[in-house]
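Below you'll find the structure, written out as structure tokens, and then a few comments.
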2 protein chains.
Amino acid sequence: MKIKALGLEEIRSVDWNVEKECIQLIDQRLIPFDFKINDYNTTIDVCKAIQTMVVRGAPAIGATAAYGIVVALKEVENYEVSDKKSKLDEKLKQLLATRPTAVDLVNFALETYQTAIKTNFSIEETLLKAELLANEMVKDCTQIGIYGEELINDGDTVLTHCNAGPMATIDKGTALAPIFRANEKGKNVKVLVDETRPRLQGAKITAWELEQEGIDHYIISDSAASFLMSKRQVDKVILGADRCLKDGTVSNKIGTLSLAVNAKYFGIPFYSAFPWTTLDKESKSMEEFEIEYRNEDEIKYITSAKEKILVANLNSKALNPAFDITPAELITGYITPDGILSKEDLMKK
Amino acid sequence: MKIKALGLEEIRSVDWNVEKECIQLIDQRLIPFDFKINDYNTTIDVCKAIQTMVVRGAPAIGATAAYGIVVALKEVENYEVSDKKSKLDEKLKQLLATRPTAVDLVNFALETYQTAIKTNFSIEETLLKAELLANEMVKDCTQIGIYGEELINDGDTVLTHCNAGPMATIDKGTALAPIFRANEKGKNVKVLVDETRPRLQGAKITAWELEQEGIDHYIISDSAASFLMSKRQVDKVILGADRCLKDGTVSNKIGTLSLAVNAKYFGIPFYSAFPWTTLDKESKSMEEFEIEYRNEDEIKYITSAKEKILVANLNSKALNPAFDITPAELITGYITPDGILSKEDLMKK
């Protein structure tokens, strides 16, 4: 990802700093108001970063958890060999408990953990594994961009929700990758960005990322999408995914289902873009996962960088489901590193 | 409307103060953070109050415009008889230009204006007409409550959007009237309140009104409605309307269409509640009306009482349609002062 305003040509939202031997995260809570990179070198701080959404987006959380295992390994380095595994297990458990919905978190953390065990707690080997996973993710996103770009015609308006750009995915993005690539190839593409209440990742992060690439875009209220679809001002809807089952059911940021239902009603193609780590081959039904209800203050207060102001009736309660579940019948296709797939194609994976 | 916290037993959002000879408006921009009643005695200030949303909601705007004609009449009182009509016409035009979508504004203003002309500019007679229109509106809303209450079963959860309560309608409300009445009759009713971006009238005003009546309610993000419908946590959707054509097409606050499409998909009854002034018997198509696009700062900034903070990427543009259009095929029924009507019933009106 390049950040024009700061003259940064190549930067990832999650990275390992070799000199400082720590994780570096772009603090996504500050975007677009401020730009800050934080260092993390304890498991507890890594967990806090995930929970407080310094880092967000399933693949970026996954990479953070992978590097988090390296951090954990460094913490237990001087323990007795007999204690090491139990201590590492404890830290793994802490990492896994940070967010219940994101499948990448579990996969990345477990794969890196297994390398640690297999290599007899080798920090070097485990770091290599974490780096490999991060690099594979970036390569997957590049492929998503290559395949997804073919769906975008010159002059198209694409609607997206939340943030499935470079910040969410280490680099390149999932839903945004095809848009970036279409723009690079000289296609004229306009983006409608759902602001994405309650945390406003669209208005804040996606809009900021599109600005870095110089792509024409408009922020809209989430509930304006339907009206703009009805007026034929949306050609395609492309979103990311937090988890996709083999039957094509997708769980993703709250608001996804509503967009998919509307896109179906108005006959507008709806695509879900994701890397292979997002495909959950084991689970039979999304009912197995409890939808995360986050704190009601996310609804009742709105946060801009450091300010937090009440925007609702103080004595009212709020309900704050963070994700929803979209059935395959509402999804036109899945943009993956192997191409644009149908529900039937996913079944064979 | 009673406002428990302030010990007010009977107050209207729009009223005429006989002693001060001026319009009194509850400043709805301050709700729920502060409670203030403002006096208005010039046409220019009345127009500003409508434009800056001191008063909002089609019927409340209508009543304000009706009393606004009385204010205008007082302003031209000392003009030569030959000048009076042209001066009054000018002020009528100013009032009509304040908001393009609300049908009540036009009807209330014109009816009161015609009384002024017919009675040879009698302030007293014109005020009586304005009062009559306001009282009829409150009576209509009472009837909406009586009929709509029958739709609500004990234990129901009703979802609503924006504000169609007493503040929007002088008193009683449209969408909220059936809920208030069900509660009065001892039915157990829970309300899901869409926060309603960009201006958050749901989180601010509807939630506050429900609190005054002691009704159990939860504020939700607009885009969470679909998920809660999919989980069968919504029994009915009841909204107000800004304008309804004889073919049953409804224009209303942005987000209405999205809810209607989702309610249809999930098989949940969707009702539009409105008084007769909202029925536009003349227009053939909503295409005749340009949808109002309000300032993009409503999207990019969020306002809480007096604070206004940036919540989006500063250099991005925003698109801010204020209303949308819902076709009759998505609407289960129309809750009117004459009962629950079908599209076919409306045709006969």
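Naming: A, B, ... by sequence-line order, numbering from 1 per chain.
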Item to check | salt bridge (Lys or Arg N to Asp or Glu O under 4.0 Å) assessment of Lys231(B) paired with Glu287(A) | outcome: CA-CA 11 Å; Lys231(B) 293 289 176 191; Glu287(A) 301 300 321; 3.3 Å; yes

Could you look at [X] and say if it's the side chain, the backbone, both or neither that has a heavy atom under 4.5 Å from chain B?
| X | value |
| --- | --- |
| Ile215(A) | neither |
| Leu210(A) | neither |
| Gln201(A) | neither |
| Asp216(A) | side chain |

Nearest-0.5 Å distance that lies between atom [atom1] in [X] and atom [atom2] in [Y]:
| X | Y | atom1 | atom2 | result |
| --- | --- | --- | --- | --- |
| Leu192(B) | Leu319(A) | CG | CG | 6.5 Å |
| Asn262(A) | Tyr265(B) | CG | OH | 11.5 Å |
| Phe227(A) | Ser251(B) | CZ | OG | 10.0 Å |
| Arg197(A) | Arg197(B) | CZ | CZ | 7.0 Å |
| Asn313(A) | Ile205(B) | CG | CD1 | 10.5 Å |
| Ile299(A) | Ser221(B) | CD1 | OG | 3.0 Å |

Checklist outcome for this item: Residues Tyr293(A) and Leu228(B): closest non-hydrogen pair is OH-CD2, 3.7 Å

Pairs of heavy atoms under 4.5 Å with chain A: top-ranked of [options]:
| options | answer |
| --- | --- |
| Leu314(B), Asp222(B), Asn320(B), Ile220(B) | Ile220(B) |
| Gly202(B), Ala225(B), Pro198(B), Pro32(B) | Pro32(B) |
| Ile302(B), Leu200(B), Ile325(B) | Ile302(B) |

Item to check | Part of Ile31(B) lying under 4.5 Å from any heavy atom of chain A | outcome: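 Contact with chain A involves no heavy atom of Ile31(B) at all.
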
Item to check | Contacting region of Gln233(B) [heavy-atom separation from chain A under 4.5 Å] | outcome: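 The side chain, not the backbone.
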
Checklist entry - Which of the residues Leu257(A), Asp324(A), Asn315(A) is involved in the greatest number of heavy-atom pairs with chain B at under 4.5 angstrom? => result Leu257(A)

Checklist entry - Ser316(B) and side-chain hydrogen bond (donor to acceptor under 3.5 Å, both in side chains): which partner among Glu211(A), His217(A), Lys204(A)? => result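 With Ser316(B) as partner, side-chain hydrogen bond (donor to acceptor under 3.5 Å, both in side chains) holds for just one option, His217(A).
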
Checklist entry - Just wondering, are more than 12 heavy atoms of other shown residues or ligands nearer than 6.0 Å to NZ in Lys317(A)? => result yes

Checklist entry - For Ser223(A) and Ser223(B), does a side-chain donor sit closer than 3.5 Å to a side-chain acceptor? => result no

